[in-house]
Amino acid sequence: MTPTGNDNATADNVTGSGSSAAGLAATLMPVGMEVNGMTVALSLDPRTTLLDAMREHLRLNGTKKGCDHGQCGACTVIVNGQRINSCLTLAVMHDGDAVTTIEGLGTVDDLHPMQAAFVKHDGYQCGYCTPGQICSAVSVLKEIAAGVPSHATADLTATPTVTRDEISERMSGNLCRCGAYSNIAEAMVEVAGAEA
Amino acid sequence: MQFDAPAGSNIFDDARIVGKSTPRIDGPNKVTGTAPYAYERHDVVADQAYGWIVGAGIAKGRITSMELTAAKAAPGVIAIVTAPDTQPVGKGMDNHAPLFGGSEITHYHQAIACVVAETFEQARAAAALIDTNYDRSTGSFDFDAVRASAPRSGEAETLGDFETAFAEAAVQIDETYTTPGQTHAMMEPLATIAAWDGDKLTLWTSNQMITWAKESLGDILGIDSANVRVDSPYVGGGFGGKLFIRADAVLAALASKAAKRPVKIMMQRPLVANNATHRQATHQRIRLGARMDGHITALSHQNWSYNVEGASGETATAQTAKVYAGANRLTAEYCATLDLPEGNAMRAPGEAVGHLALEVAMDELAEALGMDPIELRVVNEPDAVPGNPGKRFSDRNLVRCLREGADRFGWSERSATPAARREGRWLFGVGVAAGYRGAPTCKSGARVHLADGRIVVETDMTDIGTGTYTIIAQTAAEMMGVPLDHVTVTLGDSSFPASAGSGGQWGATSSTAGVYAACVALRRQIGEVLGFDADDARFEDGSIVAANKAFRLADAGTLSAEDTIRFGKFKKDYDVATYAGHFCEVAVDAYTGETHIRRMLAVCDAGRILNPLSARSQVIGAMVMAAGAALTEELTVDTRFGCFVNHDLAGYEVPVHADIPHQEVIFLDTLDEIVSPMKAKGVGELGICGPGAAIANAIYNATGIRVRDYPLTLDKYLDRLPAIA
């Protein structure tokens, strides 16, 4: 299935408006991904990050660029079930991968439980780091459920549990300058409790 | 509407919506990634090209040549705008360092070119091909080296005879505290899309102050500001860093003109700290003289800071005239001129770092007196503004903040002896600090529309994470008697009535008061249409009851009203401010010196709290930023090359999740009749005034080590930790 809601997502025009640059076409590479459950075929400058493929080519603006250097986590997306910084990876490295962005978790009319919990607990202020926080938060609960240990896990042979320390440690790659950390942790605890 | 006298009783005293904890109406958009921020507004104008900013590689000197041949020939390049080929642009409101143009370089990473290309990757690659040569000149970058010769800014403020009173005081404290430069580090970098339509310029940008931005762009670009439209409905954090027009907006406008196409620019993160503004370092000397009963008899606060030529320093004495009694006083500001990037407002300018000194000095005085730090503050609670005894406080409940906080926090369990509480590897300590932050107001306008019983609010006010959308909707819903979901709020567009904007923690009370004024006007129009006296009517649940007759709001048809709240001179008789008691518990690793914050509490006195849910978030967020200021944040100056070396989010350490425990906030149920019809004051800056000092005092209580050089990193006290028993 090709996305129809994203007006710039077909192979003909993904390089942006009427690319007149001579010689550019030769440098493009095809890449196919499943983004939020939809198959997309892109033809990209190989220097394009996965982040810019989402934002500039698929116009999925929810994934944010805060630093473009893997320092802030605002660009966190879920690739093949694992959260990654989408600014630190090139789109062409993800041929055949399944990518979930914030838009794939829920919509305004049908929020993902984590999205709803962020609204309830005011787990944000300016909202710019929020999609990355939510993609991380959803992934963190899955990592704990899957038994993946962290620096905060006291006993590496035991199954980790959802504690405040585990949450804080695993979320520390997602900066929030507005300082919503305490509320984000409460949102996550609520969702974890509901899942348990 | 003119606000010319204390508010008296009004509709908000019986509010059903204002003052109730309300999830943000913009929340679903923010959590689904559908709230549009400046750089991602693909839909506002077609054919957007990408701009990449080139920053100067020297801090002072001249560009002698810029070789552009390779860059111009690079794939996809549409235009290159360079500083040497551009007449220096003008300066807008509170711009001090040059924004763009000419060959002279006055600070590191000053914008010297903008490359426009079809794609982001092409613009970035082409920019790397520009070969710039400079004639580097000697600059002054070392604050410590020039501090002693810094001239005084204005007159010293004096009262009584400080020197004599201090010399005669039974107990004296004379200490010096230093704070480093800090950067706003808002998560969304400066970003703008610019498009020209003939003489008309539209900027979709990220800015806290829309009216200032529009006016400033006229001055900067030498065009009629009437031809400028600015739109900024979502701002990904500002903290003062987006108060004024910066290079992203200037370059987008110039590059769009050159490229004859809309151009979008996001300032690259590594440029932000040096290209834009920062909070300057301070060097503060505080002297306190007191009687044995704790009464302060002599109080002096001198602050040294710096800035570029013609601009003021970080005014750390800002709160000192207001907080504690004392008959003999001396405060003075000194400002050196340096060739570092421009210093400018960052969250609670002056006060945020002033508290890091004053509130630790009070802790030191308490210890010298053998007094509880809270009791010392209570003893020195003033009746009138201490530095200006003719001036009253509008409504001040600092003592309640401290007392109620002490109860809540379990302060009575504190050991006055430092390093007395050890649990395993952890040394525990608690600290307290008072918080003071002014509560100014600015005139603010809004337009309200009624159609089909629903309300639309338009104002150029911004929501920078502060919760503006929601408190404005609450205000309009309360006034017009409709449910919250019958109100649509549109913000940040300069075609809307001019508002107070977001700064100085004046936004919430000013902008909602402006909406109140517009709603009063709309209610009167409705009264005229339906035939009742609106000022004597009750608007509730889509109905209106007036003189025992009922009307339906929807029957009033389609109406619009606009008004601006203006604040009268009577307010000048009062010091209108907000207060807090900040409490903190830390655990310091007895072996490594690493500090962990275990508990934080703020008790805030800020009048009516319009939305407790989002107000609490502002306070906890400010407490996080205060934790950064106390423990980790420091712009490190390379005094050879004149730049902040740690100019990204890896080198500049803002607090992360693991640094912050559960935080508690209590709002006192106070009302301030003087501030505005809302009786509400801001909290976004109050929250950063004090918690850092509470942390520092807690570290002292835990370890017995007083470090007066922020941030309090473990290298500064590791060698002085108590012996391991």
Side-chain angles (χ1 to χ4, degrees), chain A residues 8 15-24 45 47-48 52 55-56 59-69 71-72 74 101-103 106-108 111 115 118-120 122 124-131 134 164 167-169 171-172 174-185, chain B residues 23-24 26-37 39-40 42 46-49 75-76 118-122 125 185-189 234-237 239 266 268-270 464-467 613-614 616-618 620-625 648-650 654-658 660-663:
Chain A
N8 203 21
T15 57
S17 36
S19 181
S20 58
L24 177 64
D45 184 323
R47 299 168 295 187
T48 308
D52 283 331
R55 283 172 65 82
E56 306 302 327
R59 298 195 175 181
L60 292 168
N61 299 323
T63 309
K64 303 303 184 195
K65 183 180 283 191
C67 69
D68 222 10
H69 288 73
Q71 301 169 345
C72 77
T101 68
I102 190 70
E103 292 90 345
T107 62
V108 167
L111 296 177
Q115 292 170 321
F118 268 60
V119 174
K120 178 181 168 186
D122 216 43
Y124 49 48
Q125 287 198 58
C126 80
Y128 200 76
C129 75
T130 310
I134 292 173
R164 176 64 202 249
I167 286 173
S168 297
E169 168 61 25
M171 291 296 292
S172 282
N174 288 85
L175 304 183
C176 171
R177 186 56 160 164
C178 297
Y181 299 133
S182 184
N183 290 349
I184 291 170
Chain B
R24 292 171 201 247
D26 49 325
N29 290 111
K30 283 181 172 171
V31 299
T32 54
T34 51
Y37 298 81
Y39 189 79
E40 61 208 34
H42 301 284
D47 214 19
Q48 298 169 17
E118 296 289 345
T119 73
F120 175 75
E121 294 77 22
Q122 291 169 331
M186 57 284 187
M187 295 303 297
E188 178 201 30
Y234 286 91
V235 179
F239 315 113
M266 178 182 283
Q268 304 92 275
R269 174 62 68 182
I464 64 172
T466 38
L613 183 65
S614 56
R616 178 180 172 279
S617 291
Q618 283 204 72
I620 67 168
M623 289 156 76
V624 170
M625 204 176 274
D648 61 24
L649 294 174
V654 304
V656 302
H657 278 270
I660 303 299
H662 174 75
Q663 296 165 305

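Order of the sequence lines fixes the chain letters, A, B, ..., with proteins taken first and strands second; residue numbering starts at 1 for each chain.
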Visitor: Distance under 6.0 Å and angle within 45° of the ring axis: does B/Lys30 meet both against B/Tyr234?
Guide: no

Visitor: Hey, what do you get for CG (B/Asp648) to CD (B/Gln268), rounding to the nearest 0.5 Å?
Guide: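 Between atom CG of B/Asp648 and atom CD of B/Gln268 there are 12.5 Å.
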
Visitor: Counting only non-hydrogen atoms closer than 4.5 Å, does A/Leu175 touch chain B with its backbone (N, CA, C, O), its side chain (CB onward), both, or neither?
Guide: both

Visitor: Taking the six-membered ring for Trp and the full ring for Phe, Tyr or His, determine whether the centres of A/Tyr128 and B/Tyr37 are under 6.0 Å apart.
Guide: yes

Visitor: Can you tell which of B/Ala622, B/Gly27, B/Ser617 has the highest number of heavy-atom pairs within less than 4.5 Å of chain A?
Guide: B/Ser617

Visitor: Do you know which of B/Gly467, B/Ala185, B/Ala35, B/Ala46 has the most heavy-atom pairs under 4.5 Å to chain A?
Guide: B/Ala185

Visitor: Just so I know, are the side chains of B/Ile464 and A/Gln125 near enough to count as touching, which here means a heavy-atom distance under 4.5 Å?
Guide: no

Visitor: Chain B heavy atoms under 4.5 Å from A/Asp122: which part of the residue, side chain, backbone, both or neither?
Guide: both

Visitor: Contact part of B/Pro36 toward chain A, heavy-atom cut-off under 4.5 Å: side chain, backbone, both or neither?
Guide: neither

Visitor: Side chain, backbone, both or neither: which part of B/Met186 has a non-hydrogen atom closer than 4.5 Å to chain A?
Guide: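 For B/Met186, backbone heavy atoms alone lie under 4.5 Å from chain A.
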
Visitor: So which part of A/Lys120 gets closer than 4.5 Å to some heavy atom of chain B, the side chain, the backbone, both or neither?
Guide: backbone

Visitor: Can you tell me which portion of B/Met266 sits under 4.5 Å from chain A's heavy atoms? Options are side chain, backbone, both or neither.
Guide: side chain

Visitor: Using a 4.5 angstrom heavy-atom cutoff, name the option from B/Val654, B/Val656, B/Val624, B/Thr466 with the most pairs to chain A.
Guide: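 Max contact count across the listed options: B/Val656.
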
Visitor: Tell me whether B/Asp26 is salt-bridged to B/Arg24, with the criterion being a basic N under 4.0 Å from an acidic carboxylate O.
Guide: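 Looking at B/Arg24 together with B/Asp26, the answer is no, because their closest N to O distance does not fall below 4.0 Å.
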
Visitor: Run the salt bridge (charged side-chain N to carboxylate O under 4.0 Å, His left out) test against B/Glu188 and tell me which residues pass, sequence neighbours left out.
Guide: B/Lys242

Visitor: Considering only heavy atoms, which portion of A/Arg55 lies under 4.5 Å from any heavy atom of chain B: side chain, backbone, both, or neither?
Guide: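 For A/Arg55, heavy atoms of backbone and side chain both lie under 4.5 Å from chain B.
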
Visitor: Hey, what do you get for SG (A/Cys67) to CZ (B/Arg269), rounding to the nearest 0.5 Å?
Guide: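 Output value for this atom pair is 7.0 Å.
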
Visitor: Pick one of side chain, backbone, both or neither for A/Thr130, based on which atoms fall under 4.5 Å of a heavy atom in chain B.
Guide: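 Side chain only.
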
Visitor: Under 3.5 Å, side chain of A/Glu103 to main-chain N/O of A/Gly62, donor-acceptor pair present?
Guide: yes

Visitor: Contact part of A/Asn61 toward chain B, heavy-atom cut-off under 4.5 Å: side chain, backbone, both or neither?
Guide: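 Contact with chain B is through both the backbone and side chain of A/Asn61.
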
